[in-house]
Novice: 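This is the structure I have questions about; it appears just below.
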Amino acid sequence: MIHECGQFLPLSTTLTYLLSSAAPGPKSISVTRWQTLLYNSANAKCIRTTKQLHAYTITSGLLLSPKSTHLLSLLASAYALGGQIVVARYLFDKSPDRTFFSYKTMIRMCAEDGSSHKALKLFAEMLESGRYKPDNYTFPFVVRACGDSLLPQLGTAVHGLALVSGYGSDTFTANCLLAMYMNVGDREGAKRVFDAMEEPTIVSWNTMISGYFRNDSAKEALMLFRKMVDGGVETDAATVVSVLPACGFLKDLELGREVHLLVIKKGLGKKVSVRNALVDMYVKCGKMDEARSVFDKIIEKDVVTWTTMIHGYSLNGDIRSALGLCQLMQFEGVKPNAVTLASLLASCANLPNLKLGKCLHGWALRQRLESDVNVETALIDLYAKCKCMRLSFKVFFKTSKTRTVPWNAILSGCIYNVLAEEAIELFREMLLEGVKPNDATFKSLLPAFAVQADMQQAMSLHSYLIRSGFILRTEIATGLVDIYCKCGNLKSGHRVFSGVPLKKRDIVLWSALIAGYGTHGHGEIVLSLFYDMVQSGIRPNEVTFTSVLHACSHAGMVDDGLSLFNFIYGSFPLCLRTNHYTCMVDLLGRAGRLEEAHELIKSMPFQPSPTVWGALLGACAIHENVELGEEAAKWLFELEPANTGNYVLMGNIYAALGRWKDAENVRHRMNEVGLLKSPAHSVIEVRKPA
DNA sequence: CTAGGGTTAG
């Protein structure tokens, strides 16, 4: 009993004394006395004492007295605090009279145990009874339970209740609210709470920083860290392990080094986790030397330390160093785990190196790590990238198939190996098995539907996306727009586009629709969509310009194309790339405005690429313009002497005008650079009259 | 009595 209760020895002694000296029976120990004993036993988390007390309540008939009905709920609390949550719940459910203490304890233990729904149910019951008011030891756990059950609306309601109950300025409650909002992905909600806090503690700052990072706002995380340091707020180990991943993600080496200095200055490096985070930061920033020097200084390396470093070498394609380190790690008595292995396998997949991958697969079997999801997923991916879909499927069929990741791996594997139809079939099976797809699933799957361009399939996918709610995600709606456009059904594509609320329309979505209309030759619609987009406040980029210019070119809308080009030139001059000029030269050239095309090339702010001259030469071939053709050819023969197409085009221009001698010269020139072996030269000869 | 923190993968 001593070892179990630790410093609470007096409690057990008291109990032993009472039980041995007094005769059993409810009257021998007063109710108040019992109450104290139960409280003490609960707070001491001493399950053995609790069990003794429980036994006594049964044999003595203690609970039969009307004065002691509340004792059962206290007993339940004692069990709960002792870690026996199931027994606790059973007893608590039977308790006729539940005390405030027992409610609080049960709520807390349920929340910590992961039974957040039960915790919320108890809280609701407590409120309904109207006997007790939640306090500063209640709200934190209830808030946490809301976050764990992913019930943000309920969380907000509890937040409101905490405010009206006067716990708005309670630090613990506020910190839990921060964590809750961050856990459900509500950065704004968290920020509101944070801004309203009079004195945020280290914990508040840390929660915000890590929350921002976890919610894809690494930039905000770093900005907050800056503000924290500049504001003179203390930082601790949790701060640095929250901020370092963000530095790594953004490759912000400068700030990463600053954090490193902070770690040294404050002596935070005693913890392995801090040093591991440093190694990881350097790895992610691509600074393997610095990562290694931090790594080498860690005396007590754990699996994570080794794995982080191994992963670093893997990422850099240095599989030799990665394997060497893996061996060294085992020499030092640290066993690689599934993560280590998955990292090595991923490296084999990216190289790709099938032979080594197979060796590692064998090793995984011997280490009994083969049935770990991470390893399985890495193996599926490995074999797919090595174009061994048979092996990929073999691994896949052995997986438990209840989790989403292996499905995603096999789907993306199929698509990598141009098995779009199989991917779609697998997706159907996945749904039948009741596995929930996620964003990553659609990221690889939607292109498969676009490749198939099957209207029937597109429609059934569309209905699924509506039913499952995935259509609400802009990236997914974008994929669907693309699919419909590829099917040639622009109307349906446009309808999906219109279904996305104005605020959620991003550049990618607009571009998908614009490109769709563009490839089908609807130049005018493309232009009006483009101006609509700019009007709605979205800044177009190079990709948009390319597709709009292409559309103009495709539809032969020369003047519209020109005015658009001038618009870009005036508003976004830095966005202009070679391919935009190529597009314009092509557009003007086709229309026979060769001089203008030439002028445009001469006005280019950078060296015209062969593609630009190629477009001009092509246009000259159509319009049989020797002068400009020669100008273009002069550049092209210089820039890409091995491109037969250029000689053919130029030869054709001469031939068309009956200048056989010049045509012959071009042929000679091609001969000189050793291209005559190529079959393309015959084109010139074919057009030569007998 | 309570709150925040690292490594893989999609």
Side-chain angles (χ1 to χ4, degrees), chain A residues 39 42-45 77 80-81 101 104-105 107-109 111-112 135-144 147 170-180 182-183 190 200-211 213-214 235-246 248 268 271-281 283-284 301-312 314-315 336-347 349 369 372-381 403-413 437-445:
Chain A
Y39 273 129
N43 288 329
K45 298 186 173 68
S77 326
L81 285 165
F101 174 81
K104 285 198 288 187
T105 314
I107 290 172
R108 174 179 153 202
M109 294 320 282
E112 282 181 354
D135 65 1
N136 54 332
Y137 288 109
T138 322
F139 282 117
F141 303 107
V142 176
V143 168
R144 182 177 156 179
D170 176 63
T171 318
F172 285 94
T173 304
N175 284 344
C176 283
L177 282 165
L178 292 179
M180 185 271 291
M182 282 303 192
N183 286 342
T201 62
I202 293 196
V203 177
S204 326
W205 287 91
N206 293 351
T207 310
M208 288 301 284
I209 292 172
S210 82
F213 178 63
R214 279 180 290 126
T235 46
D236 63 7
T239 318
V240 302
V241 293
S242 304
V243 80
L244 282 172
L268 300 172
K271 290 195 173 183
V272 210
S273 58
V274 171
R275 289 177 178 246
N276 288 348
L278 279 171
V279 174
D280 180 55
M281 182 274 293
V283 162
K284 296 259 163 72
K301 299 184 184 76
D302 62 6
V303 213
V304 180
T305 321
W306 289 98
T307 305
T308 307
M309 201 63 206
I310 289 172
H311 180 237
S314 296
L315 279 183
N337 64 13
V339 181
T340 324
L341 190 60
S343 184
L344 288 168
L345 285 169
S347 174
L369 288 171
D372 179 278
V373 222
N374 301 308
V375 174
E376 283 174 339
T377 309
L379 282 170
I380 294 169
D381 190 49
R403 292 179 65 162
T404 311
V405 258
W407 286 94
N408 287 351
I410 194 79
L411 282 175
S412 77
N438 59 22
D439 285 6
T441 317
F442 291 108
K443 203 177 155 193
S444 52
L445 188 71

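Computed from a predicted structure; not experimentally measured. Order of the sequence lines sets the chain letters (A, B, ...), proteins ahead of strands, with each chain counted from 1.
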Novice: If only side-chain N and O atoms count, and only distance matters, is there a donor-acceptor pair under 3.5 Å linking A/Thr201 with A/Ser204?
Specialist: yes
Novice: Round to a whole Å and report the spacing from CG of A/Leu369 to P of B/dA9.
Specialist: 16 Å
Novice: Taking the side chain of A/Arg108 as its heavy atoms from C-beta onward, which of B/dG4, B/dT8, B/dT2 lies nearest to it?
Specialist: B/dT2
Novice: Looking at every strand, decide which applies to A/Ala237 at a 4.0 Å heavy-atom threshold: base, sugar-phosphate, or nothing.
Specialist: base
Novice: From B/dA9, B/dT2, B/dG5, pick the nucleotide closest to the side chain of A/Ser273?
Specialist: B/dG5
Novice: Which is true for A/Asn337 with a 4.0 Å heavy-atom rule: it touches a base, it touches only sugar-phosphate, or it touches nothing?
Specialist: nothing
Novice: For A/Thr308, what residues pass the side-chain hydrogen bond (donor to acceptor under 3.5 Å, both in side chains) criterion, not counting sequence neighbours?
Specialist: none
Novice: Kindly write out the residues that satisfy side-chain contact (heavy atoms from CB on, under 4.5 Å) with A/Thr305, not counting sequence neighbours, or none if the list is empty.
Specialist: A/Val272, A/Asn276, A/Phe295, A/Ile298, A/Lys301, A/Asp302
Novice: Measuring from the side chain of A/Ala238 (C-beta onward, heavy atoms only), which nucleotide among B/dC1, B/dG4, B/dA3 has the closest atom?
Specialist: B/dG4
Novice: Strictly below 4.0 Å: does A/His311 bring a side-chain N or O up to OP1 or OP2 of B/dT8?
Specialist: yes
Novice: Mind checking if A/Lys271 touches a base, just sugar-phosphate, or nothing, with heavy atoms under 4.0 Å?
Specialist: base
Novice: Just compare B/dG4, B/dA3, B/dG10 and give me whichever is closest to any side-chain atom of A/Asp381.
Specialist: B/dG10
Novice: Please give, in whole Å, the distance from B/dG10 P to A/Arg403 CZ?
Specialist: 14 Å
Novice: Using whole Å, what does the distance between atom P of nucleotide B/dC1 and atom CZ of A/Arg144 come to?
Specialist: 17 Å
Novice: Please determine, for the side chain of A/Ile202, which listed nucleotide (B/dT8, B/dG4, B/dA3) has the closest atom?
Specialist: B/dG4
Novice: Rounded to whole angstrom units, what separation is found between the CE atom of A/Met281 and the C1' atom of B/dG5?
Specialist: 16 Å
Novice: What is the separation between atom CG on A/Asp280 and atom C1' on B/dG5, rounded to the nearest whole Å?
Specialist: 13 Å
Novice: Classify A/Asn438 by what it touches in the nucleic acid, base, sugar-phosphate, or nothing, heavy-atom distance under 4.0 Å.
Specialist: nothing
Novice: Could you give the NZ-to-C1' distance, from A/Lys45 to B/dT2, as a whole number of Å?
Specialist: 11 Å
Novice: Where the side chain of A/Asn206 is defined as all heavy atoms beyond and including C-beta, which of B/dG4, B/dT7, B/dC1 is the nearest nucleotide?
Specialist: B/dG4
Novice: Is the closest side-chain donor-acceptor distance between A/Asn183 and A/Arg214 under 3.5 Å?
Specialist: yes
Novice: Output yes when A/Asp280 and A/Lys284 qualify as a salt bridge under the 4.0 Å nitrogen-oxygen rule, no when they do not.
Specialist: yes
Novice: What nucleic acid atoms does A/Asp236 come within less than 4.0 Å of, heavy atoms only: base, sugar-phosphate, or nothing?
Specialist: base
Novice: Using a cut-off of less than 4.0 Å, is there contact between a side-chain N or O of A/Lys301 and OP1 or OP2 of B/dT7?
Specialist: no
Novice: How many Å lie between CZ on A/Phe139 and P on B/dA3, as a whole number?
Specialist: 16 Å
Novice: Expressed in angstrom and rounded to an integer, what is the separation of A/Asp372 atom CG from B/dT7 atom P?
Specialist: 17 Å
Novice: Which nucleotide sits closest to the side chain of A/Val203: B/dA3, B/dT8, B/dC1?
Specialist: B/dA3
Novice: Measure the shortest side-chain to side-chain distance between A/Tyr137 and A/Thr173 over non-hydrogen atoms and say whether it is less than 4.5 angstrom.
Specialist: no
Novice: Which part of the nucleic acid, if any, lies within contact of A/Glu112, taking any heavy atom under 4.0 Å across all strands shown: a base, the sugar-phosphate backbone alone, or nothing?
Specialist: sugar-phosphate
Novice: Taking only the side-chain heavy atoms of A/Phe141 (C-beta and beyond), determine which of B/dT2, B/dG4, B/dT8 contains the nearest atom.
Specialist: B/dT2
Novice: Looking only at the side chain of A/Val241 (C-beta and beyond, no hydrogens), which of the listed nucleotides B/dT7, B/dG5, B/dA3 gets closest?
Specialist: B/dG5
Novice: If you only use heavy atoms from C-beta on, which nucleotide in B/dT2, B/dT7, B/dG5 is closest to the side chain of A/Tyr137?
Specialist: B/dT2
